[in-house]
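Letters A, B, ... are given to chains in the order of the sequence lines, protein chains preceding strands, and every chain is numbered from 1. Just so we're clear, the structure is a prediction, and the values are computed from it rather than from any experiment.
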Amino acid sequence: MKNYSFYEQVFDVVRAVPYGRVTTYGAIANYLGAKRSSRLVGWAMNISHGTLPPVPAHRVVNRQGLLTGKSHFAHPNRMQELLESEGVAVAGDQVVGFNDIFWDPSSLDRP
DNA sequence: TGAATGACTCGAT
DNA sequence: GATCGAGCCATTC
């Protein structure tokens, strides 16, 4: 059983993202010790739809702050709606002040 | 078992 | 400074 597979770790990190903050795939992968595995993080989000508790994938953006995964939401605009609902300004498909609201999982106390 | 996939990142031109 | 291509890793069929 691999219930706590690499994906579970990604979900846990994404769910740890504070309200009104965003993180990047690379930051999560780096926190897990595989900065090169940024693609795995994206794939983890792909299966996170039926995962509980829900994973705030809308808080995960690419290194440029672009909502690359918005197309995978129920509705492409849903990701922006959720971000704006949390006070995160989004211009076009990019997070405004991304560098300011960027949250690094390394900030957490690692066991 | 081997090959394929992917919501990214980095380096080079 | 911007654009293009290749690489990387873990999971799944």
- Indicate, with a heavy-atom threshold strictly under 4.0 Å, whether Phe73(A) touches base, sugar-phosphate, or nothing. base
Separation of [X] atom [atom1] from [N] atom [atom2], in whole Å?
{"X": "Ile28(A)", "N": "dA7(B)", "atom1": "CD1", "atom2": "P", "result": "15 Å"}
{"X": "Phe6(A)", "N": "dG6(B)", "atom1": "CZ", "atom2": "P", "result": "18 Å"}
{"X": "Arg39(A)", "N": "dG5(C)", "atom1": "CZ", "atom2": "P", "result": "15 Å"}
{"X": "Gln64(A)", "N": "dA7(B)", "atom1": "CD", "atom2": "P", "result": "16 Å"}

- Can you check whether any acceptor in the base of dA7(B) is under 3.5 Å from a donor in the side chain of His58(A), or vice versa? no
- Item | Base dC8(B) to side chain Arg63(A), donor-acceptor N/O within 3.5 Å cut-off |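 No such pair is found, so the answer is no.
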- Message: Assuming nearest nucleotide by heavy-atom distance, tell me which of Ser37(A) and Ile47(A) is located more 5' along DNA chain C.
- Response: Ser37(A)
- Item | side-chain contact (heavy atoms from CB on, under 4.5 Å) partner of Val88(A), the single match among Val96(A), Val61(A), Ile101(A), Leu82(A) | Ile101(A)
- Can His58(A) and Glu86(A) be counted as having a side-chain donor-acceptor contact under 3.5 angstrom? yes
- May I ask you to decide if Phe11(A)'s main-chain N or O and Arg15(A)'s side chain share a donor-acceptor pair within less than 3.5 Å? yes
- Earlier contact from the 5' end, DNA chain B, for Tyr25(A) and Arg36(A):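 Comparing both residues, the 5'-ward one is Tyr25(A).
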